[in-house]
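Note that ligands are numbered from 1 as they come in the structure, with each ligand's atoms numbered from 1 the same way.
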Amino acid sequence: MRMTVSIKTPQEIEALRVAGRLAAQLLGMIGEHVRPGVSTDTLNDICEQYTTQVLACTSAPLGYHGFPKSICTSVNHVVCHGIPTDKPLKRGDIVNIDVTVIKDDYHGDTSAMFYVGEPTIQARRLCETSYESLWVGIGMVRPGMRLGDLGHAIQSHAEARNYSVVREYCGHGIGRQFHEEPQVLHYGIPGTGLVLEPGMVFPIEPMLNAGKRHVKLLADGWTVVTKDHSLSAQWEHMVLVTDSGVEVLTLREGETPS
Ligand code: MF3
Ligand code: CO
Ligand code: CO
């Protein structure tokens with residue numbers, strides 16, 4: 001059966017709003033715990049506790065295709081899907097924390113970069129440019145726009161600043177399933193690809209590398225790293241295509257559309 005891109009009903013949209021808001025709340029909460037000496041295992045455990053006890057949700061990553069933890073923590077040259085460990089974070093590290101909660105069968109998926117102490121100028125610039133790239137993509141979302149235009153805009157923003165865009169991983173439709181159609185590539189050709197319609201919901205989640213775009217999967221079957229060991233950064237927001245444009249479902253407290 002060919003997978004099709006679902007248009008969410010008003011009830012589904014409301015469920016995704018709720019799930020998105022809770023995921024954003026979780027991500028905002030865990031940011032305050034990121035500091036030198038804290039392990040990503042500890043961050044994982046705090047998130048799992050908060051997700052189940054405070055949010056009354058379940059952690060989507062836990063057991064997803066065998067993923068062993070509740071969140072993904074991707075440090076420095078790890079691109080995505082890093083598995084929390086007992087190794088303490090150290091001053092100057094950058095870490096992506098990617099959380100996905102399930103509330104009443106619907107998924108909320110969002111991620112952000114966090115600085116462990118003060119980042120280097122290079123690391124800060126990479127993280128800031130990755131954040132800008134995400135918002136360049138978000139700013140293009142409206143009915144009638146094509147996914148190739150969105151990918152092209154993200155890619156252009158990144159490459160103009162001498163960063164590369166990871167090709168092997170992408171955004172995705174979301175709903176009752178963690179990963180649905182369509183694939184939302186962060187590179188592309190203008191005027192091509194799926195035409196967006198009101199009621200589509202998908203995360204945009206560009207991964208930018210300071211060096212070359214190529215990645216390698218580690219033997220644990222999950223951890224994705226840059227082949228050249230350069231730094232990598234990623235931010236993720238879930239968006240809804242509305243009649244007039246876009247609604248970001250995972251805005252954090254104090255975060256303003258930029
Ligand atoms: N949250 C990731 C995404 O944005 C997916 C993580 S899958 C996991 O799509 F199994 F590693 F958790
Ligand atoms: Co995610
Ligand atoms: Co995602």
Side-chain angles (χ1 to χ4, degrees), residues 3 5-6 8 16 19-31 40-41 43-45 47-48 51-52 55 57-75 78-85 95-103 106-114 130-131 133-134 137-138 141 147 150-151 154 165-186 200-208 215-225 232-240 248-252:
M3 289 263 275
V5 178
S6 71
K8 266 63 183 181
L16 284 161
R21 192 182 309 131
L22 294 172
Q25 187 182 333
L26 172 63
L27 193 56
M29 180 282 299
I30 200 59
T40 47
D41 258 347
L43 299 176
N44 177 82
D45 295 349
C47 282
E48 173 61 23
T51 297
T52 56
L55 303 180
C57 292
T58 52
S59 300
L62 187 61
Y64 181 76
H65 293 285
F67 190 78
K69 299 279 178 165
S70 301
I71 61 172
C72 297
T73 52
S74 302
V75 180
V78 178
V79 173
C80 64
H81 304 167
I83 302 171
T85 73
V95 56
N96 171 276
I97 300 181
D98 191 338
V99 302
T100 311
V101 303
I102 306 172
K103 182 70 164 185
Y106 284 84
H107 290 72
D109 185 13
T110 183
S111 84
M113 296 302 298
F114 297 95
S130 301
Y131 186 69
S133 299
L134 168 62
I138 292 170
V141 174
L147 281 184
L150 179 130
I154 291 171
V165 175
V166 171
R167 305 270 175 112
E168 288 82 355
Y169 301 88
C170 58
H172 48 92
I174 193 164
R176 285 178 177 269
Q177 311 281 347
F178 196 160
H179 296 108
E180 303 182 354
E181 293 289 301
Q183 295 196 27
V184 180
L185 304 180
H186 305 111
M200 291 179 176
V201 178
F202 50 87
I204 304 173
E205 48 183 303
M207 284 144 274
L208 270 57
V215 301
K216 187 173 74 179
L217 180 65
L218 296 190
D220 61 21
W222 285 104
T223 310
V224 178
V225 300
S232 189
Q234 177 179 30
W235 299 77
E236 174 174 27
H237 268 316
M238 259 168 76
V239 299
L240 162 69
V248 181
L249 304 184
T250 45
L251 275 183
R252 290 177 294 285

**Student:** Quick one: CG on Asn96 to CE on Met113, what's the gap to the nearest 0.5 Å?
**Tutor:**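 The CE atom of Met113 is 5.5 Å from CG of Asn96, to the nearest 0.5 Å.
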**Student:** Can you tell me how the ring of His81 sits relative to the ring of Trp222, calling it parallel under 30°, perpendicular over 60° and tilted otherwise?
**Tutor:**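 Correct class here is perpendicular.
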**Student:** How far is atom 4 (O) of ligand 1 from its nearest protein heavy atom, and which residue and atom name does that atom have?
**Tutor:**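 Here the closest protein heavy atom is Glu205 OE1, 2.7 Å.
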**Student:** Could you tell me whether ligand 1 has any atom less than 4.0 Å away from a heavy atom of Trp222?
**Tutor:**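 A heavy atom of Trp222 does come that close to ligand 1.
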**Student:** I need the minimum non-hydrogen distance between His172 and Phe178, along with the two atoms involved.
**Tutor:**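 So the two residues come closest at ND1-O, 3.1 Å.
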**Student:** If I apply the N/O under 3.5 Å rule, does Tyr64 come out as touching ligand 1?
**Tutor:**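 No; the residue has no nitrogen or oxygen that sits under 3.5 Å from a nitrogen or oxygen of the ligand.
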**Student:** Inside 2.8 Å of the Co ion (ligand 2) but strictly below it, how many protein N/O/S atoms are present?
**Tutor:**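 Every protein N, O or S atom under 2.8 Å from the Co ion (ligand 2) counted, the figure is 4.
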**Student:** To the nearest 0.5 angstrom, please state how far the CD atom of Glu180 sits from the OG atom of Ser6.
**Tutor:**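 The OG atom of Ser6 is 5.0 Å from CD of Glu180, to the nearest 0.5 Å.
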**Student:** If you look at every heavy atom in Met200 and Val5, which pair is closest and at what distance?
**Tutor:**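 Residues Met200 and Val5, closest heavy atoms: CE-CG1, 3.7 Å.
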**Student:** Compute the shortest N/O to N/O distance between Asp98 and ligand 1 and return yes if it is under 3.5 Å, no if not.
**Tutor:**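 It does: an N or O of Asp98 is found under 3.5 Å from an N or O of ligand 1.
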**Student:** Look at atom 9 (O) of ligand 1 and say which protein heavy atom is nearest, naming residue and atom and giving the distance to 0.1 Å.
**Tutor:**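 For atom 9 (O) of ligand 1, the nearest protein heavy atom comes out as His179 NE2, 2.7 Å.
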**Student:** Run the contact test for Pro203 against ligand 1 with a 4.0 Å cut-off on heavy atoms, strictly below, and give the result.
**Tutor:**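 Contact absent.
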**Student:** Counting backbone and side chain alike, does His179 bring an N/O/S atom below 2.8 Å of the Co ion (ligand 3)?
**Tutor:**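 Here the distance criterion (N, O or S atom, under 2.8 Å) is not met by His179, so no.
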**Student:** What distance separates Ser133 OG from Ile204 CD1, expressed to the nearest 0.5 Å?
**Tutor:**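 If I round to the nearest 0.5 Å, the distance is 11.5 Å.
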**Student:** Answer with side chain, backbone, both or neither: which part of His65 has a heavy atom less than 4.0 angstrom from an atom of ligand 1?
**Tutor:**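 Contact part for His65 vs ligand 1: neither.
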